[in-house]
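These notes concern the structure reproduced below.
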Amino acid sequence: QLRLAESGGGSVQPGGSLRLSCVGQPYSLEYYTLSWFRQAPGKGREGVACISNNGEVANYLDSVKGRFTVSRDNDAKRMTLQMSNLQPEDTAVYYCAASLTILQDSCELSDAQYANWGQGTQVTVSP
């Protein structure tokens with residue numbers, strides 16, 4: 001069973017930046033589509049960013065385009081989410097997820113096909 005662990009969450013002021021990491025163990029991530037999801041208090045889970053198995057395709061939630069960048073290093077079994085110009089509405093628990101059933105060289109932000117999930121890391125943006 002693939003295990004995922006997120007790190008890098010914290011508290012920042014509006015306009016600040018954070019870098020989230022997701023590490024997978026014990027298997028290689030090279031065949032997995034990877035994504036970041038978030039869930040704010042009282043709201044449903046939403047897909048924030050995804051990246052294809054080969055790293056060549058990425059998709060973003062409209063509200064984070066131009067502010068968030070997803071990347072991956074398959075050798076290091078790691079996915080990263082660089083978040084800049086953070087706003088209070090970005091406050092949420094952020095989860096990484098992995099899928100083997102999404103077509104290779106593509107990704108999607110729907111959570112239906114993601115079977116492996118991390119425990120989440122809290123991101124809080126407030127003045």
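These numbers come from the heavy atoms of this one structure, side chains and all, not from hydrogens, waters or symmetry mates.
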Measure the [atom1]-[atom2] distance between [X] and [Y] for me, rounded to the nearest 0.5 Å.
| X | Y | atom1 | atom2 | value |
| --- | --- | --- | --- | --- |
| S35 | I51 | OG | CD1 | 9.5 Å |
| W36 | L61 | CH2 | CG | 15.0 Å |
| Y32 | T101 | OH | OG1 | 10.5 Å |

Can you find a pair of side-chain heavy atoms, one from [X] and one from [Y], that are under 4.5 Å apart?
| X | Y | result |
| --- | --- | --- |
| F68 | L86 | yes |
| Y114 | I102 | yes |
| V64 | R38 | yes |
| Q1 | N116 | yes |
| D73 | T80 | no |
| Y27 | K77 | no |
| M79 | C96 | yes |
| S11 | S126 | no |

Using only atom types and a distance under 3.5 Å, with no angle test, would you say the side chain of [X] pairs donor to acceptor with the backbone of [Y]?
| X | Y | answer |
| --- | --- | --- |
| E6 | Q119 | yes |
| N59 | C107 | yes |
| Y60 | V70 | yes |
| R72 | S52 | yes |
| R45 | Y95 | no |
| N74 | N53 | yes |

Taking a hydrophobic cluster as the set of Ile, Leu, Val, Met, Phe, Trp and Tyr residues connected by side-chain heavy atoms closer than 4.5 Å, whether directly or through intermediates, do [X] and [Y] fall within one such cluster?
| X | Y | value |
| --- | --- | --- |
| V57 | L103 | no |
| L100 | L29 | yes |
| V12 | V48 | yes |

(message) I'd like to know whether the aromatic ring centres of W117 and F37 sit less than 6.0 Å apart in this structure.
(response)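 Centroid distance W117-F37: below 6.0 Å, so yes.
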(request) Using the side-chain contact (heavy atoms from CB on, under 4.5 Å) rule, take V123 and L20 through it: C-alpha gap first, then chi angles, then the decisive distance, then the call. (result) CA-CA 9 Å; V123 171; L20 305 183; 4.1 Å; yes
(request) Looking only at non-hydrogen atoms, find the nearest pair between L4 and G24 and report the distance. (result) CD2-CA, 3.9 Å
(request) Would you please test Q113 and S99 for side-chain hydrogen bond (donor to acceptor under 3.5 Å, both in side chains) and show each step? (result) CA-CA 6 Å; Q113 296 198 58; S99 171; 4.9 Å; no
(message) When you compare the side chains of Q122 and T124, does any donor N or O come within less than 3.5 Å of an acceptor on the partner?
(response)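 Yes - a donor-acceptor pair under 3.5 Å links their side chains.
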(message) My understanding is that only one of N85, D90, T91 makes a side chain to side chain donor-acceptor pair (under 3.5 Å) with Q87; could you say which?
(response) N85
(request) Applying side-chain contact (heavy atoms from CB on, under 4.5 Å), run through L18 and V125 and close with a yes or a no. (result) CA-CA 10 Å; L18 283 174; V125 186; over 6 Å; no
